[in-house]
Amino acid sequence: MTLDNVVGMLVWTGAGAVLLVVLMMVDSLFTRYRDMEEIRNGNVAVTTRFIIKLLAQAYILSRSIMTSDLLSEALFVSIISFLILLVLESLLRIILRSTMNLHLDKGTQDGKIAHALFAGSIHAAGALIIGACL
């Protein structure tokens, strides 16, 4: 391993970490609650959903880094994948709410772990599918 490899690894890791923070902040804008406030208050359901979503985004980022020659390309692929997951989750929320009267956001905010796991699993499944496409 050369010094260039170490510097490159630091740059890619730093850029990836910044992107994950930004994506999670954007994601929190689309929930009906304030993620960090709920986590600070000890809401395990919100924390569970947040962690699963973070891991899903990190998986997509790692796959995009593995398949990209350029940092900009890897970050762009991660952003597009995030948008795809956001749309997918929104569509599923609408379908679940209208057909089964299942409100994932409200249940998660109310501390229902089942709702959080369901919402988080949507992200995880989407990340695995998107990761396979990269």
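Because the structure is a prediction, the values reported are computed rather than measured.
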Enquirer: Taking side chain as C-beta onward, heavy atoms only, is Leu19 less than 4.5 Å from Phe82?
Expert: no
Enquirer: Roughly how far, to the nearest 0.5 Å, is the CG atom of Asn43 from the OH atom of Tyr33?
Expert: 8.0 Å
Enquirer: Would you mind reporting whether His115 and Lys106 have side-chain heavy atoms less than 4.5 Å apart?
Expert: no
Enquirer: My understanding is that only residues two or more places apart in sequence, or in another chain, count here; which of them pass side-chain hydrogen bond (donor to acceptor under 3.5 Å, both in side chains) with Gln57?
Expert: none
Enquirer: For Met9, which residues count as a side-chain contact (heavy atoms from CB on, under 4.5 Å) partner, sequence neighbours excluded?
Expert: Met1, Thr13
Enquirer: side-chain contact (heavy atoms from CB on, under 4.5 Å) between Leu61 and Leu75: does it pass, once the steps are laid out?
Expert: CA-CA 7 Å; Leu61 181 61; Leu75 297 178; 4.2 Å; yes
Enquirer: Linking Ile, Leu, Val, Met, Phe, Trp and Tyr by side-chain heavy atoms under 4.5 Å, what else ends up with Ile52?
Expert: Val44, Ile113, Leu117
Enquirer: side-chain hydrogen bond (donor to acceptor under 3.5 Å, both in side chains) with Asn101: which residues, sequence neighbours excluded?
Expert: His103
Enquirer: Which atom names give the shortest non-hydrogen contact between Ala127 and Ala56, and what distance separates them?
Expert: CB-O, 3.5 Å
Enquirer: More than 12 foreign heavy atoms under 6.0 Å from CZ of Arg34: is that the case here?
Expert: no
Enquirer: Same cluster or not: Val21 versus Val26, using hydrophobic residues (I, L, V, M, F, W, Y) connected whenever any side-chain heavy atoms lie under 4.5 Å apart?
Expert: no
Enquirer: Would you say Leu88 ends up clustered with Met100 if hydrophobic residues are merged whenever their side chains have heavy atoms under 4.5 Å apart, either directly or through other cluster members?
Expert: yes
Enquirer: Given the rule that I, L, V, M, F, W and Y join up when any side-chain heavy atoms are under 4.5 Å apart, are Ile51 and Val22 in one cluster?
Expert: no
Enquirer: Say you draw a straight line from OG of Ser64 to OH of Tyr59; how long is it, rounded to the nearest 0.5 Å?
Expert: 11.0 Å
Enquirer: For the CD1 atom of Ile60 and the CD1 atom of Ile129, what is their distance to the nearest 0.5 Å?
Expert: 10.0 Å
Enquirer: Just wondering, do Glu38 and Thr108 contact through their side chains at under 4.5 Å, heavy atoms?
Expert: no
Enquirer: Donor-acceptor pair, distance only, cut-off 3.5 Å: does the side chain of Arg49 make one with the backbone of Ala116?
Expert: no
Enquirer: Quick one: do the Thr2 and Asn5 side chains pair a donor with an acceptor below 3.5 Å?
Expert: yes
Enquirer: Answer yes if Val11 and Ile79 sit in the same cluster of Ile, Leu, Val, Met, Phe, Trp and Tyr residues linked by side chain heavy atoms under 4.5 Å apart, and no otherwise.
Expert: yes
Enquirer: In terms of side-chain geometry, is the basic nitrogen of Glu89 or Arg93 positioned less than 4.0 Å from the acidic oxygen of its partner?
Expert: yes
Enquirer: Say whether Met24 and Ile39 are linked into one hydrophobic cluster, either directly or through other cluster members, by side-chain heavy-atom distances under 4.5 angstrom.
Expert: yes
Enquirer: Does the distance from a Lys or Arg side-chain N to an Asp or Glu carboxylate O, for Asp35 and Lys53, drop under 4.0 Å?
Expert: no
Enquirer: With a cutoff of under 4.5 Å between side-chain heavy atoms, which Ile, Leu, Val, Met, Phe, Trp and Tyr residues group with Ile95?
Expert: none
Enquirer: Working to the nearest 0.5 Å, report the span between CG of Leu104 and CD1 of Ile122.
Expert: 5.5 Å
Enquirer: Atom CG of Leu54 and atom OG1 of Thr47: how far apart are they, to the nearest 0.5 Å?
Expert: 12.0 Å
Enquirer: Once rounded to the nearest 0.5 Å, what's the spacing between atom CE of Met25 and atom CG of Leu20?
Expert: 13.0 Å
Enquirer: Could you list the cluster mates of Val87? Members are the ILVMFWY residues connected by side-chain heavy atoms closer than 4.5 Å, either directly or through other members.
Expert: Leu91
Enquirer: Run Phe118 and Leu102 through side-chain contact (heavy atoms from CB on, under 4.5 Å) and show every step you take.
Expert: CA-CA 10 Å; Phe118 197 142; Leu102 180 59; 3.9 Å; yes
Enquirer: So does Glu37 get a backbone contact from the side chain of Asn41, meaning a donor-acceptor N/O pair under 3.5 Å?
Expert: yes
